[in-house]
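Scroll down for the structure; my scribbles are underneath it.
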Amino acid sequence: MDLTAQGLAPRGRVRRNLSPARLYEETLRLGTGRLAHGGGLVTVTAPHTGRSPNDRFIVREAGSSDLIDWGDINVPIGEEHYARLKSDIVGRLNGRDLYVRDARAGADARYGVKVRVISESPWHDLFAYNMFLRLAPGEEDGFDPDFVVYHAPSMQADPDRHGTNSGAFIVVHFTERAVLVGGTAYAGEIKKSIFSSLNFLLPARGVLPMHCSANIGRGGDTALFFGLSGTGKTTLSADPDRRLIGDDEHGWSDDGVFNFEGGCYAKTIRLSPTGEPDIHRATRMFGTILENVILDERTREIDYDSADITENTRASYPIHFIDNAVPSGLGGHPENVVFLTADAFGVLPPIALLDTGQAMYHFLSGYTAKVAGTERGVTEPRAAFSACFGAPFLPQPATVYAGLLGEKLRAHGTRAWLVNTGWTGGRHGVGRRMKLAHTRAMVAAALGGDLDDVPVATDPVFGLRVPVRVPDVPGDVLLPRGTWADGSAYDAAAAELAAMFKRNFERFAGRVPDGASAAGPG
């Protein structure tokens, strides 16, 4: 195929839109993957087994600079360094056999973008096949991409020459609509770079891009689930009584919700057939990529409990591997939005109804807590705040996205809930983790409208409206102070967490949408 429009003149073979079976063959031929029992393709991305946030850059150029929220997350790189890096990655790709994937990001074609991924690696091409929306017959003809990803994991950047921090690089040029990825084999960089691009493009069109999962109930009601790692987003959205729209990236337009992706990128550490049966089944299917899992060398069975390479073991598979997925990737305006937090301080109520101001406040806060053992040096619960539950992927100021959320909640009468999947009866190390059965019952009651007429109690510190009765949940679980043996210890922990919220929110001073600034803890 002709890649001159992308500045390429490859000397090797170019293979476009190969089938998963062909990509398996290419990967096995190159020795960059192995077969697992059940049919999955096992790959290793070490030493990069997760995203490299310190190696991510946005080109500072006239067409986009005024819209970017420059800082520790959106780090600028100059046009001169970008030009050198692009020239070098083009040179690298020109000397390799190439695998090209043409696809789309965004199930609503009015807002989606056409994506071309050009890679030296066949299994990364399979990743693009799994994660983006696959083209329908005839769509390949005359395909003109809106965004191009140049992907060369074997190439190492030279920080002196290219202006990078290390050999790894993820560089986005929004005006040129190009992404350069190299020095890392972690496949998630491909999908997250396009997600960041949609986060840049769509607000101007009135679409709220969201780092969330989405599903639809039997009555056609759509629900959104936001939450950082470890809060239960994937587990709670994978409900057998509801159909899955998508598990990670969505947009909310004037017409409803739509999935950005055509696949799932699920964590597999400690995965079990009883806890998450749909995901477990998908990991054992032909076409699934399994990153950094450990295999039994004799049987090739997957050891889901092993973190010998990383805790961040992953499975990439097309969404149709999930039996109750929504094929169109579309849903109506959500009736409910759920913010999930794993509060290791044991302070927040297990469920609370939020008004619009509180919803924007907690959306901007994006709170959860890390517990001892999750990171080196973490010995006590530590608050973690990620604006809009996806700060690493937001090129524009977080208040832009929070403002859009507030507008849509008001326009469509959407209810917002804060659900604590963390600790009760004391902080981590003293209390216990909220029972999953209770959390499921609370979420089901909220989505089913069973809490609409239930009396509420107002949390004295955070001002949240807490239902005092939930079907199939003991009443003594609902009000957190009563679950602690020592009420004064609860008060101290609540004051400690409230102070953390206030300190974090200071960065939004003067830029917060109306109603949100006064919605935090008293």
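The shown structure was predicted, so the numbers you read here are calculated from the model rather than taken from an experiment. Note: hydrogens, waters and symmetry copies are ignored here, and every other heavy atom, side chains too, is used. Sequential numbering from 1 along the given sequence is applied to the chain's residues.
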Between Asn336 and Thr414: side-chain donor-acceptor atoms closer than 3.5 Å = no
Can you say whether the rings of Phe258 and Tyr111 are parallel (under 30°), tilted (30 to 60°) or perpendicular (over 60°)?
-> parallel
Can you label the angle between the Trp484 ring and the Tyr490 ring as parallel, tilted or perpendicular, going by 30° and 60°?
-> perpendicular
Should Val181 and Tyr150 count as side-chain neighbours, where that means a heavy-atom distance under 4.5 Å?
-> no
Aromatic ring centroids of Phe501 and Phe385 under 6.0 Å?
-> yes
How many angstroms lie between CD1 in Ile351 and CE in Met434, if you round to the nearest 0.5 Å?
-> 10.5 Å
Can we call the ring centroids of Tyr367 and Phe339 under 6.0 Å apart?
-> no
For this output row, return yes or no: ring centroids of His162 and Phe169 closer than 6.0 angstrom.
-> no
Is a side-chain donor-acceptor pair under 3.5 Å present for Ser488 with Asp486?
-> yes
From Asp278 CG over to Ile322 CD1, what is the distance, rounded to the nearest 0.5 angstrom?
-> 5.0 Å
What's the spacing between Arg465 CZ and Leu451 CG if we round to 0.5 Å?
-> 12.0 Å
What's the verdict on side-chain hydrogen bond (donor to acceptor under 3.5 Å, both in side chains) for Lys191 and Ser316, showing C-alpha distance, side-chain angles and the deciding distance?
-> CA-CA 11 Å; Lys191 89 182 196 88; Ser316 161; over 6 Å; no
Arg433 to Trp423, cation-pi by 6.0 Å centre distance and 45° axis angle = yes
Pair Glu291, Tyr265: side-chain N/O donor-acceptor within cut-off below 3.5 Å = yes
May I ask you to decide if Gly63's main-chain N or O and Glu61's side chain share a donor-acceptor pair within less than 3.5 Å?
-> yes
The single option from Asn324, Asn215, Thr222 passing side chain to side chain donor-acceptor pair (under 3.5 Å) against Arg242 = Asn215
Are any side-chain N or O atoms of Asn74 and backbone N or O atoms of Pro395, one a donor and one an acceptor, separated by less than 3.5 Å?
-> yes
In this structure, which one of Thr235, Thr268, Thr234, Thr283 forms a side chain to side chain donor-acceptor pair (under 3.5 Å) with Glu276?
-> Thr235
What's the spacing between Leu478 CG and His438 NE2 if we round to 0.5 Å?
-> 9.5 Å
Look at the aromatic rings of Phe393 and His211 and report parallel, tilted or perpendicular, splitting at 30° and 60°.
-> perpendicular
Look up atom OG in Ser253 and atom NE2 in His333, then write down how far apart they are to the nearest 0.5 Å.
-> 6.5 Å
Centres of the Tyr304 and His280 rings: under 6.0 Å?
-> yes
Minimal non-hydrogen separation, Arg507 against Leu364, with atom names | NH2-O, 4.3 Å
Just checking, is any N or O donor in the side chain of Lys435 or Thr424 under 3.5 Å from an acceptor N or O on the other one?
-> no
When rounded to the nearest 0.5 angstrom, what is the spacing between CG in Asn130 and CD in Glu261?
-> 11.0 Å
Is the closest side-chain donor-acceptor distance between Asp55 and Ser166 under 3.5 Å?
-> yes
For the rings on Tyr401 and Phe363, is their centre-to-centre separation under 6.0 Å?
-> no
Any idea which heavy atoms bring Ala214 and Val257 closest together, and the distance?
-> CB-CG1, 4.3 Å
Distance-only donor-acceptor check, side chains Asn312 and Arg314, under 3.5 Å | yes
